[in-house]
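Notes for the one structure printed next.
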Number of protein chains: 2
Amino acid sequence: MNFVRRHDERLPLYQRLRDELSERIASQQWRPGEAILTEAELVKQFSASIGTVRKAIDMLVAEGALERFQGRGTIVRRARFDSSLFRFFRFQKESGERQVPEGRILRREVMAAPSAVASALRLAPGSEVIHMTRLRLLNGKPLLAESIWLPKEKFAALLDIDTGAFGDLLYPLYEERCGQVIASAEEDLTAEAVDEVHARLLQLQPGAPVIVVERVALGYDRQPLEWRRSRGPAEQFRYQVEIR
Amino acid sequence: MNFVRRHDERLPLYQRLRDELSERIASQQWRPGEAILTEAELVKQFSASIGTVRKAIDMLVAEGALERFQGRGTIVRRARFDSSLFRFFRFQKESGERQVPEGRILRREVMAAPSAVASALRLAPGSEVIHMTRLRLLNGKPLLAESIWLPKEKFAALLDIDTGAFGDLLYPLYEERCGQVIASAEEDLTAEAVDEVHARLLQLQPGAPVIVVERVALGYDRQPLEWRRSRGPAEQFRYQVEIR
DNA sequence: GAGTGGTCTAGACCACGGT
DNA sequence: CCGTGGTCTAGACCACTCA
C-alpha cells in the first residue's frame, strides 16, 4: 500500500515521511542502535528529493528518536535516562564523574491497580499490576525512595527473577527480560514535607523537605509502560533550566 | 567588510550566516517585534542560496531568537517569561486563565555587590548594585518573596522612579526606562526549609518546605543584566518535563 | 496584487568511517 | 576505495498577509 495514502494527504510530504518513519521505529522495525534506511534509499522508496528526506529525518533527530553519524548512517536512538536522576539530584563525586546508585528492591507484590496508577498507565480499572518499592543508595547512604508500578501483562517475566538479582538499573532489565523498550518519559516534580515512613527510609528528620518526582515511562509508540514516584531529600536537589 | 571574513571561514556558510544574524540581533539592529531582512534580501546580500539562508534562520528560530510568520516576515522574538513563574508555580484560577500576581517593592537600596552577586552579574568585586526586595501576591495572598540585584550602571534610571509606581512586571520597565531588553534567562531550582524571615513574609510555618529559584537574566548579547532569588511555598510548586 | 515565508525538486561536491 | 551523511545551489510553485 502506498505510504502516502496511509497519511493525511493534505500534510506536507516531509511530515508524512516523518510520520511513516516514526511508525516504523515504534513498530520496532529497527531496534535501538540499528541504522535505518540510508538517505539515498529513502529518496528512492518515497520518490522524494534528498532535501525533503533530510527534513523528515531532521525532525526525528530533534525529537530524540534518531541520531545521525556521518559516514555511518542514521541510528535509532536508545534513551539513556535511567540516570535522569542526575537532572534533579546531585550525586556526583567530587571528581564530577557519575556513579550509578545501588538499587535495592524492598518489596515486590502483585495487586489490583489503584485508580491513580491505572489512569497513569492507561489500564482498565482493577487490572493487575506489579508494585515494587526500591531504595537507591550511594556509598550505603539512602538517596531516593521509589514506588514503581508495572502492568503485569507485559512484565510478568520479572516475577520469575529473584529481586536480589535485579541489579542497579531497571530499564535494561525491562528490555532483556520483557522486551519492553523505554523511549521517553514525562516527569512531574513537586515538593513536600516528608512523612514518617519516608523519613525513616531516607534517614531524615520528620517534616524535612523532600522532592517528589512522578514519572511515566513510555515506549516508542508512546504507550505508558511504567509509573513511578520517587522521593529524595530536597537538600540534594538541584535543577537547571534555560528559558527563552 | 565582507561578512564572511568576520567569521571562521572553515565554518559552513549557514553557520556563519547564523552567527552574523545573531550578532545583528544582539546589537539591536532590529528591536524585538521588528522584521529582519526577507529571505530574498538575505540571498542577495550574502550570495547564498535560499536553502542555506533558511537553514540559518531555522537555527535561530530553534534557539528562540526569531519567529517566522508566513506572509508577514521573520521577527525578532520578544522573551515573555516574566511570567515564567508559571513554569514552576501553579497560580491559575480555577478557570485556568493566568493572572499576573501583584508586585510590591518592599525595599530598594544601593550597595556594593556581595561577591556572589558580583560573580553572577560578572561585575568587578565591589561594584555598585541596586538591591530590591519584592513580594508577589495574588488576591492579597503572598506567593513569592524575591531579592533582585541589578548593576547600578545600567539601571540607575530606576532610582528616579517611586517604587510604588513600578507596576507588576519589571522587564517592561527595564526596557522602557533603561533600554535593557531581557532575551533569555538561566534558572536554578533548589528546595529548603524556610527560615524565619521568609516564613513571616510568605505566611508559612517556620521550617515549611520552600522552592528557591535563582535566575540570571541575560540580554540578546548574553550579558547578565539581572540576578534574582525567589522563594515560594513548595505546596504551590509543580514542574513538568519531558525526557528522551 | 505584491510580497512574504513554506514546500519541493534534482542535482553537485565535500568530509568522514570503515574495508 | 566505497558508501554514508553534510553542505550548497538555483530554481519552481504554493499559501498566506496586508494594503
Side-chain angles (χ1 to χ4, degrees), chain A residues 2-5 7-22 24-25 30 32-77, chain B residues 2-5 7-22 24-25 29-30 32-78:
Chain A
N2 189 325
F3 96 100
V4 168
R5 314 200 153 259
H7 302 277
D8 188 332
E9 301 192 22
R10 294 165 303 181
L11 256 33
L13 181 53
Y14 70 84
Q15 269 286 0
R16 283 174 279 166
L17 227 156
R18 186 217 82 92
D19 294 348
E20 177 70 19
L21 289 174
S22 175
R24 293 198 186 180
I25 295 167
W30 308 284
E34 283 178 18
I36 66 166
L37 299 176
T38 67
E39 296 183 345
E41 189 61 32
L42 290 167
V43 163
K44 254 191 288 179
Q45 288 196 19
F46 296 103
S47 330
S49 76
I50 179 73
T52 304
V53 166
R54 288 184 61 82
K55 178 143 187 173
I57 295 177
D58 281 344
M59 295 180 78
L60 290 165
V61 169
E63 289 170 38
L66 295 176
E67 210 167 352
R68 296 172 180 280
F69 295 95
Q70 179 169 149
R72 284 207 278 134
T74 300
I75 262 75
V76 176
R77 188 162 162 272
Chain B
N2 189 325
F3 96 100
V4 168
R5 314 201 152 257
H7 303 275
D8 189 332
E9 302 191 23
R10 292 166 304 181
L11 256 33
L13 182 51
Y14 70 85
Q15 268 287 0
R16 283 174 280 168
L17 227 155
R18 186 217 81 93
D19 294 348
E20 177 70 19
L21 289 175
S22 175
R24 293 197 187 180
I25 294 167
Q29 180 161 135
W30 308 283
E34 282 178 18
I36 67 166
L37 299 176
T38 67
E39 296 183 344
E41 190 59 33
L42 290 167
V43 163
K44 255 191 288 180
Q45 287 196 20
F46 295 104
S47 332
S49 76
I50 179 71
T52 305
V53 166
R54 288 185 61 82
K55 177 143 187 174
I57 295 177
D58 282 344
M59 296 181 77
L60 290 165
V61 170
E63 289 170 38
L66 295 176
E67 209 168 350
R68 295 172 183 279
F69 295 95
Q70 179 169 146
R72 285 206 279 133
T74 300
I75 261 73
V76 177
R77 187 162 164 274
R78 178 187 300 276

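We name chains A, B, ... by the order of the sequence lines, and we start the count at 1 in each one. Note that the structure is a prediction, hence the values are computed from the model and not measured.
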As an exercise, state the distance from CG of A:Leu17 to CG of A:Leu11, rounded to the nearest 0.5 Å.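 Here the rounded value is 11.5 Å.
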In Å, rounded to the nearest 0.5 Å, how long is the span from CG of B:Leu66 to CD1 of B:Ile25? 4.0 Å
One character per nucleotide, please: for nucleotides 2-12 of chain C, 5' to 3', B when the base has a protein heavy atom closer than 4.0 Å, S when only the sugar-phosphate does, - otherwise. -BBBBBSBBB-
Does the distance from a Lys or Arg side-chain N to an Asp or Glu carboxylate O, for A:Asp58 and A:Arg18, drop under 4.0 Å? no
Electrostatic pair A:Arg24:A:Glu20 at N-O distance under 4.0 angstrom: yes
For [X] and [N], give me the distance from atom [atom1] to atom [atom2], rounded to whole Å.
{"X": "A:Leu42", "N": "D:dG5", "atom1": "CG", "atom2": "C1'", "value": "12 Å"}
{"X": "A:Glu34", "N": "D:dT4", "atom1": "CD", "atom2": "P", "value": "16 Å"}
{"X": "A:Glu41", "N": "D:dG3", "atom1": "CD", "atom2": "P", "value": "13 Å"}

With no hydrogens and no angle check, is any side-chain donor or acceptor of A:Arg77 less than 3.5 Å from a backbone partner on A:Glu67?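 No: the side chain of A:Arg77 does not pair with the backbone of A:Glu67.
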